[in-house]
Amino acid sequence: MADTNADWFARAAAVIPGGVDSPVRSFSSVGGTPVTIVRGEGPYVYDVEGTRYIDFVQSYGASLLGHAHPKVVDVITRAASLGTTFGAPTPGEALLAEAICARVQGCDQVRLVSSGTEGAMSALRVARGYTGRDRVVKFSGCYHGHSDALLAGGGSGVATLGLPDSAGVPAGAVADTVVAPYNVVPELDDKVAAVMVEATAANMNLVAPAAGFLGALRRACDEVGALLIFDEVITGFRLGTGGASAHYAVTPDLWVFGKVIGGGLPVGAFGGRRDVLSVLAPGGPVYQAGTLSGNPLATAAGLCVLESVGDADYAALSSRVAGFAARLAEALRSGGLAASVPSVGPLLGLFVAPAGTDIEPPANYDEARTLATNGVYPLLFHALLRRGVALAPGPFEVLFPSLAHGDAELDATIEAAYEAACEAAAALGAQ
Ligand SMILES: *Cc1c(COP(=O)(O)O)cnc(C)c1O
C-alpha cells in the first residue's frame, strides 16, 4: 500500500516516465524525492503524508486566488453538472473571450486552446500565415511551451535540465528559429515573421525587461513588417488587469495567454488584432483546432477568476510582494547567504549565492544561469521544504505568491528562510 511520498513516487515512476507528467515537477535538479500532493487550500498544499506546506509554486502561476477558492470550486461544480464538453459553441467561451478582450487594450479577438504551448505555437503559425514569412526570433531563456519550433534556447525545465534544446526535434523544425540574448534588440530583416518575447522573463527565474527594451522591439518589428508577439502566459492577468502590455505601455500584434486565465484548469489562448486573426480557419487559410478548446469547466473557472480581481487587488498584491521581497532578501543575508530577490508587480524572483558573492539582478540568461547553477539553490530549497515552505524544485522558476498568501504565511516564510539560509550557509562552509 502506498502512503508515503516515497511510496507514491515509486508507484508513479513505474508507470510514468520519471514519475512526473511535466519534467519541472521532478526533483532532478535539487535531488531527493518529490512530495505527492493530495490537497490544496488557499496558500497551502498538503502531501500524502499529511504535511502542510506554504505553497509558492501555485501550479507555476496558474493559481492567482490560491488553491480551491470556494467561488471557483462552485462555478466548476455547477458547470460540470451541465455537461463537461460538447464540441459546439458555448456561452462560456464568448464570456471568457469578452473578458480577456475587455481587459487587454488592443486585443480585439482571442481563440481559446487548452495550454500555453498550444497558444504560443498557434500564435506563431498565425504570424507566419499573415506575413508569408518563416523566421521567428525568440530570446535565450524565454520559454514558450514545448512545440518544436520554439523549443530552442528555452527556459524553465529546459534550462533546469541543461538541455540546449531537445532531442527529437528535427533540425528543420528549428531552422527558422533565431535565438537572441534577452534585453538586446536584435537585428531584424524582411524575412522575420515574428519576434516572440516574454515581456517579463519568468522562466529563467525573474529577469525584468530593461527600460526601453520592449518599445525598441516594437519599433524594430514595425521597421521590417514583422509581428511582435507577447507571450503573456505568466504575466497576463498577473502583472495587472491589462498584463505586461499595459504595465509597460507597449502593444504587441499578438498575445499568448495561459495559466491564470484557466482558473486552475487547462486553458491557453492567443489573440490580437482582428485583421491579423482573420487569417485563421474557418475564415482564412491558417488551420488550428482543438476538441476540448474552450472547455466549459475551464472557461467557467477562468471567467470567475478574472471577474474576482480588479486593479486594487493587483496593486495590493504587488505592494505586499515588494515588501516581502525586501524582507526575504534581508532574512537570507542575515542567515549567511548572498541574495537577490527582484520583483515585478506580484512576480517574485530568487537568486542565492555564497556569502561574499557580488550579486546583481541578472539582465539575461547567461547572468541568470551563472547564479542559478552555483549549487546553493538546492540546499536552500530542501532546508525550506523541511520547514514547510514549498518553492519550485528548480532554480529557474519564479515564486507565485497568491492573493491568498496573508501576513501569517509571509511572516512564517521569512522565519523559515532565515533558518534555512543558516543551514545552507553552514552546509556550504562544510564543503
Ligand atoms: C508555462 C508557459 C508556457 C507553456 O504553457 P503550458 O500550459 O505549460 O503549455 C508558455 N509560455 C510561458 C511564458 C510559460 O510560462
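Positions are given from 1 along the sequence.
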Determine, step by step, whether His67 and Val45 satisfy the side chain to side chain contact (heavy atoms under 4.5 Å, CB included) criterion, reporting the C-alpha distance in whole Å, the side-chain angles of both residues, the deciding distance to 0.1 Å, and the verdict. CA-CA 8 Å; His67 297 294; Val45 290; 3.4 Å; yes
Output for pair (Arg78 CZ, Ile76 CD1), nearest 0.5 Å, gives 11.0 Å
Tyr248 and Thr200 side chains, donor-acceptor separation under 3.5 Å: yes
Backbone N/O of Glu118 and side chain of Ser115: donor-acceptor pair under 3.5 Å: yes
Which pair of non-hydrogen atoms, one from Val389 and one from Ala416, has the smallest distance, and what is that distance? CG2-CB, 3.9 Å
Tyr53 (side chain) donor-acceptor with Arg386 (main chain) under 3.5 angstrom: no
Does the salt bridge (charged side-chain N to carboxylate O under 4.0 Å, His left out) test come out yes or no for Glu41 and Arg39, once each step is laid out? CA-CA 7 Å; Glu41 187 177 9; Arg39 180 165 81 84; 3.3 Å; yes
Assess the pair Phe139 and Phe213: is the distance between their ring centroids shorter than 6.0 Å? yes
Are the side chain of Asn5 and the backbone of Pro34 linked by a donor-acceptor contact shorter than 3.5 Å? no
Provide the closest heavy-atom pair for Thr251 versus Gly106 in the form atom of the first, atom of the second, distance. CG2-CA, 4.5 Å
Are Val195 and Ile229 close enough that some pair of their side-chain heavy atoms sits under 4.5 Å apart? no
Ignoring hydrogens, what is the shortest heavy-atom contact between Ser29 and Gly394? Give both atom names and the distance. OG-CA, 3.5 Å
Say whether Arg125 and Gln288, considering side chains only, have a donor N or O and an acceptor N or O under 3.5 Å apart. no
Please report the closest heavy-atom contact between Leu151 and Gly145, naming both atoms and the distance. CD1-O, 3.8 Å
Between Arg133 and Val192 (side chain of the first, backbone of the second, donor and acceptor by atom type, cut-off under 3.5 Å), is there such a pair? yes
Evaluate the side chain to side chain contact (heavy atoms under 4.5 Å, CB included) criterion for residues Asp108 and Asp275: first the C-alpha distance (whole Å), next the side-chain angles of each, then the deciding distance (0.1 Å), finally the verdict. CA-CA 9 Å; Asp108 300 329; Asp275 65 306; 5.7 Å; no
N/O donor-acceptor pair under 3.5 Å between Arg320 side chain and Ala316 backbone: no
What verdict does the side chain to side chain contact (heavy atoms under 4.5 Å, CB included) test give for Phe400 and Val260, after you've listed the backbone C-alpha separation in whole Å, the side-chain angles of each residue and the deciding distance to 0.1 Å? CA-CA 11 Å; Phe400 291 101; Val260 169; over 6 Å; no
Quick check: do Arg103 and Leu306 have side-chain heavy atoms less than 4.5 Å from each other? yes
Minimum side-chain heavy-atom gap Ser22-Val24 below 4.5 Å: yes
Steps toward ring-ring contact (aromatic ring centres under 6.0 Å, His included) verdict (Phe351, Tyr377): CA-CA 8 Å; Phe351 297 96; Tyr377 186 85; 9.6 Å; no
Are the side chain of Ser140 and the backbone of Tyr365 linked by a donor-acceptor contact shorter than 3.5 Å? no
Taking the inter-plane angle between the rings of Phe237 and Phe257 on a 0 to 90° scale, is it parallel (under 30°), tilted (30 to 60°) or perpendicular (over 60°)? tilted
Does Asn374 use its side chain to pair, donor to acceptor, with the backbone of Leu371 at less than 3.5 Å? yes
Is the ring pair His405/Phe56 parallel, tilted or perpendicular, if the boundaries are 30 and 60 degrees? tilted
Any chance you could measure His144, atom NE2, to Thr117, atom OG1, to the nearest 0.5 Å? 11.0 Å
Has the side chain of Arg387 got a donor or acceptor atom that lies under 3.5 Å from a matching backbone atom of Ala383? yes
Regarding Lys71 and Ser308, do their side chains bring together a donor and an acceptor under 3.5 Å, going by distance alone? yes
Side chain of Asn205, backbone of Leu350: donor and acceptor closer than 3.5 Å? yes
Taking the side chain as everything from C-beta on, heavy atoms only, tell me whether Pro296 gets closer than 4.5 Å to Leu82. no
Inspect the surroundings of NE2 in His382 and state if more than 12 heavy atoms from other residues, nucleotides or ligands are less than 6.0 Å away. yes
Distance-only polar pair, side chains of Glu198 and Tyr182, donor-acceptor under 3.5 Å: no
Between Asn183 and Asn364, is any side-chain donor less than 3.5 angstrom from a side-chain acceptor? no
Taking the side chain as every heavy atom from C-beta outward, state whether Met196 and Val137 have any atom pair closer than 4.5 Å. no
Distance alone, cut at 3.5 Å: any donor-acceptor contact between the side chains of Thr36 and Asp47? no
Minimal heavy-atom distance between Val75 and Cys304, with the atoms involved, is CG2-CB, 3.8 Å
Identified side-chain contact (heavy atoms from CB on, under 4.5 Å) counterpart of Ser245 within the set Val104, Val250, Thr235: Val104
Give a yes or no on whether Tyr287 atom OH has more than 12 heavy-atom contacts from other residues, nucleotides or ligands under 6.0 Å away. no
In Å, rounded to the nearest 0.5 Å, how long is the span from OG of Ser318 to CG of Leu348? 11.5 Å
Distance in Å, Leu328 CG paired with Ser340 OG, rounded so as to fall on 0.5 Å steps: 10.5 Å
Which pair of heavy atoms, one from Pro186 and one from Leu217, lies closest together, and at what distance? CD-CD2, 3.7 Å
Can you tell me if Glu93 uses its side chain to pair, donor with acceptor, with the backbone of Thr90 under 3.5 Å? yes
Looking at side-chain heavy atoms only, is the closest gap between Leu239 and Pro346 below 4.5 Å? yes
Does atom CD of Glu49 have more than 12 heavy-atom neighbours from other groups under 6.0 Å away? yes
Could you give me the CA-CA distance, side-chain angles and deciding distance for Leu399 and Leu347, then say whether side chain to side chain contact (heavy atoms under 4.5 Å, CB included) is met? CA-CA 7 Å; Leu399 283 71; Leu347 289 170; over 6 Å; no
With a 4.5 Å heavy-atom cut-off, do Leu188 and Cys221 have their side chains touching? yes
Do Leu64 and Tyr314 come close enough that some side-chain heavy atom pair is under 4.5 Å? yes
Under 3.5 Å side-chain donor-acceptor pair for Asp253 and Tyr130: no
Compute whether any side-chain donor of one residue and acceptor of the other, for Thr77 and Asp74, lie under 3.5 angstrom apart. no
Lys/Arg N to Asp/Glu carboxylate O, Asp411 vs Arg327, below 4.0 Å: yes
Would you give the length of the straight line joining atom CG of Leu96 to atom CD of Glu307, rounded to the nearest 0.5 angstrom? 9.5 Å
Asp7 bridged to Arg11 by N-O distance under 4.0 Å: no
Rounded to the nearest 0.5 Å, the NZ atom of Lys259 sits from the CD atom of Glu232 at a distance of 12.5 Å
